[in-house]
> 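One structure follows; several queries about it will come next.
Heavy atoms only: backbone and side chains are in, while hydrogens, waters and symmetry mates are out.
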Amino acid sequence: MRRNFFPALIMLASLSVNAQKAVTPPAGGKQISDELIGIFFEDISSSADGGLYAELVQNGSFEYSPVERDGWGAGTSWRMSRPGHSTGFIEVSQQSPIHPNNPNYMRVHVERVGHYYDYDGWTGFGLQNEGFGGITIEKGKKYDFSVFARSEQDMKIRVALAKDERGHKRELIADTTLSVKGGWKNYEATLTAQADCDNATLLLLGMTVGTVDVDVVSLMPQDTYKGHGLRKDLAEALEALNPKFMRFPGGCVVHGGGDGFWNTYRWKNTVGPKETRKQLKNTWGYHQSMGLGYFEYFQLCEDIGMQPLPILPCGVSCQGTNGGWGMRDQAQDVVPMSEMDEWVDEALDLIEWANGDVTTKWGKVRAAAGHPKPFNLKYLGIGNEEKITPEFCERFKYIYQRVREKHPEITIVGTAGPGSHPGNPDFDNGWKLAEEIGLPILDEHYYEQRDYFFNSRQYDKYPRDRKTKVYLGEYASKDKKLIDALAEALYLLHIERNGDVVRMTSYAPLFAKKSNTNWNPDLIYFDNKKTYLTCSYYVQQMFGKSSGDYYYGDCVSFDRNDDKYLGQSVVLNTKTRELFVKVCNGSKDAAKAEIDLTRFKSLKSAATKTTITGNPDDENNYEQHPVAPKEESVKSKKKLTLDVAPYSFVMLSYKL
C-alpha cells in the first residue's frame with residue numbers, strides 16, 4: 001500500500017519555519033515593554049467631526065445648541081434654499097422624533113415650486129449644507145447619501161451636490177431624486193461626482209408642494225479607511241505610526257472638562273445606530289455628534305492592530321470645573337457615594353460589551369452593530385488626570401475593587417493627576433494610592449519646554465521593585481520645531497532604557513484641524529483635503545517601527561561623554577527577529593558613535609538606515625515640509641563608526 005508522506009513533510013517544514021520566528025536574546029540585555037509607543041485620541045481641535053470621522057454634513061441631526069456656543073441652534077450650518085423663486089418656510093420640531101436621544105428634526109413646508117429656472121433647471125424649496133467649511137468632492141468618487149424622512153403625502157426630494165459660488169451660476173456635481181411617503185424611514189442614494197470641488201454644497205429641495213420632515217442627514221465618501229467610516233488619509237497616518245494601543249476618548253472629554261460632571265462622556269450613548277446616539281457638548285467648545293463612538297474606536301483599534309485603552313470617569317469631575325484651575329480648594333463636582341454603583345456598572349457593562357458572548361446583554365449590542373466576535377479588551381483606564389483629593393481616592397478605590405473582583409484579567413490604568421513630576425502633591429498622592437491598592441499601571445501627564453526633555457531623566461530614579469508600572473499618557477515639548485522633536489527623541493531613548501519601569505507612552509494631542517485648533521503643538525494637522533505631518537510625528541513613527549522586548553545599553557559609545565544632547569538605544573524584537581540601533585544628536589556639533597553588535601549572531605547582509613535631520617528651527621507646516629525621514633540601504637556591519645550630523649536622529653534596522 002502506498003503511503004502519502006507529503007503531509008508529514010509539509011508539517012515538519014511548517015514547524016521548522018515557526019521555530020525560526022523567535023530569536024533567543026543574547027546576554028547583556030534586559031527585558032522591556034514591547035508596547036511603549038501608542039497613540040492618544042481626544043476630540044480636541046475638531047479631531048472627530050470634520051476630522052477623523054468621514055461624515056461630510058455638519059449638524060446633520062439638527063442637535064447643535066446655544067449651550068455649546070453662543071449663536072448656535074438646530075439650524076446651525078444650514079441655510080434655506082429656494083432656487084427658481086420657490087417659496088416656503090422651515091421650522092425646528094420635536095413632535096414624535098425618531099428617537100428620544102435625537103429630539104430635533106427639521107420640518108420643511110414647500111408652498112410653491114418656482115417655474116423661473118435661473119439655475120439651469122434648478123428649482124424647489126428646501127435646505128442646503130456646506131459641511132465643515134466646505135464639502136470636498138473628488139471627480140469620479142462615489143458618496144453615500146442618507147436621510148430619515150417622513151411625509152403624509154407623496155413628496156419628491158431632489159438631492160444634489162453643487163458648486164455654489166455667490167454671484168455665480170450654480171454648477172451641478174451630482175444629483176438624484178427620492179420619493180418620500182409615510183412615517184420615519186431611512187432613504188439612501190449614491191452620488192457620483194462629475195467634477196472636483198473644494199467647497200461643494202449639499203442641497204435637499206422639495207419638488208412637490210407639501211410638508212416633509214427630515215433628520216439625520218448624512219453624506220459619506222465610500223472610500224473610507226477599510227470601509228469603516230473614517231477618513232482614509234488621517235487613519236492611514238495613524239497606521240503608519242505602528243502604534244501598539246490607543247487611549248480614548250480623552251482627556252478632559254471623559255469627565256466633562258470645565259463644564260462639570262453633567263457633561264461626562266457616556267459610552268453607552270455612542271454604540272447603537274447613529275440615529276439613537278445621544279449627542280453632547282464638546283468640552284473644547286463645539287459639538288460631538290457621536291458618529292465616532294465607542295464602536296468606531298474599537299473597530300479602528302482592530303483595523304490597525306492596536307490594543308484599545310478606553311478611559312472611563314470615576315465619579316469626580318475635572319478640577320477645572322467651577323473655575324477650579326486657579327483655586328487651592330476643592331472645585332470638583334463629586335458623585336455621592338450612594339450613586340457610585342452606576343459608575344461601577346458603566347465599567348462592568350463596557351467589559352461585557354467588548355468581551356462578552358453574543359448571549360450576554362451588552363454582547364448582543366456589539367453583535368447587532370456587526371461585530372459578533374469579542375474585541376478582546378485588555379486594558380481599562382479609570383479617571384483622567386483628576387486632582388488626587390480624598391474624594392477622588394474614595395471613589396477610585398470603590399470602582400477599582402469591584403471591577404477587579406469581577407474581572408481580574410483586565411489591567412486597570414489609574415492616574416497620577418496633572419503635572420506628574422515628583423514633589424507635585426497630586427503626583428505623590430497618586431503614587432501613594434497606586435502602591436496602597438497594587439494598581440498595575442499609573443498614567444502620568446506633563447507638557448514641558450524642550451529643555452526639560454533635554455535635561456530630565458525622570459525614570460532613571462524610579463524604584464525597580466515597584467509593582468506599578470508607568471504609562472506616560474500625555475506629553476510633548478511645547479513647540480513643533482525640529483529641535484523639539486529631537487528633544488522628545490532623546491527622552492524616548494531614556495524611556496526605552498527604562499522600559500522595565502515604563503510600560504506605555506503616547507504623545508498628545510494627536511490631531512488638530514487648521515481652522516479650529518484649541519491646542520498647540522499637535523502631532524498631525526489637517527484641513528479638508530490634506531494632512532500635515534510634524535517633525536514630532538516622524539520621531540514617533542521611527543520609535544513605533546522599532547519596538548522590541550529587549551534593551552541593550554552598552555553597544556554604542558560616543559566620542560563625547562556626558563553630553564545631554566547625545567543619546568542611544570539598541571532594541572531587539574525577538575518575535576520579528578529585528579534589531580534597531582537608534583542614535584540622536586540634538587546639538588550643533590557633529591558626533592561619532594562607535595557601534596559594536598558582535599553579540600548578535602546571524603545579522604543579514606543588508607540593513608536600512610533612516611535619518612531625520614535639518615536646521616533646529618525647521619518646522620513642517622501648511623506651506624513647507626522641510627523635515628521627513630530619508631531611508632537608504634546600507635551594508636550590514638557588526639562593528640562600525642557612525643558619523644552623526646548635528647541636529648539629527650538616525651536609526652539602523654537589521655534582520656536576524
> Is the number of heavy atoms from other residues, nucleotides or ligands under 6.0 Å of Lys637 NZ greater than 12?
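Atom NZ in Lys637 is not packed in, count stays at 12 or less.
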> Do Thr641 and Glu594 meet the criterion of a side-chain donor-acceptor pair at a distance under 3.5 Å?
yes
> Which is it for Tyr447 and Glu474 under the side chain to side chain contact (heavy atoms under 4.5 Å, CB included) test, yes or no, and what are the steps along the way?
CA-CA 7 Å; Tyr447 299 90; Glu474 295 185 32; 2.6 Å; yes
> Which residue, Phe40, Phe298, Tyr379, Phe41, forms the ring-ring contact (aromatic ring centres under 6.0 Å, His included) with Phe248?
Phe298
> What pair of heavy atoms forms the shortest contact from His371 to Gln299, and how long is it?
CD2-OE1, 3.8 Å
> Mark yes when over 12 heavy atoms from residues, nucleotides or ligands other than Lys592 sit less than 6.0 Å from its NZ; otherwise mark no.
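Counting neighbours around NZ of Lys592, 12 or fewer heavy atoms of other residues, nucleotides or ligands fall under 6.0 Å, so no.
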> Is it the case that Asp500 and Tyr551 place a side-chain donor and acceptor less than 3.5 Å from each other?
no
> Does one side chain, of Asn520 or Lys478, offer a donor that lies under 3.5 Å from an acceptor on the other?
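The answer is no; no qualifying pair exists.
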> Is the distance between the ring centroids of Phe543 and Phe580 less than 6.0 Å?
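Centroid distance Phe543-Phe580: not below 6.0 Å, so no.
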> For the residue pair Tyr452 and His421, categorise the inter-ring angle as parallel (less than 30°), tilted (30 to 60°) or perpendicular (more than 60°).
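Ring orientation, 0 to 90° scale: tilted.
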> Looking at Trp519 versus Phe511, is the centre-to-centre ring distance below 6.0 Å?
no
> Tell me whether the count of non-hydrogen atoms from other residues, nucleotides or ligands lying under 6.0 Å of NZ in Lys142 goes above 12.
no
> How long is the gap from OH on Tyr225 to CG on Leu300, to the nearest 0.5 Å?
6.5 Å
> Is there a donor-acceptor contact under 3.5 Å linking the side chains of Glu631 and Thr608?
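Looking only at side-chain atoms, Thr608 and Glu631 do not form any donor-acceptor pair under 3.5 Å.
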> Phe453 and ring-ring contact (aromatic ring centres under 6.0 Å, His included): which single residue from Tyr507, Tyr565, Tyr491 fits?
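So the option named by the test is Tyr491.
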> How about Lys604: does its NZ atom have over 12 heavy atoms from other parts shown lying under 6.0 Å from it?
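Check fails, neighbour count at 12 or below.
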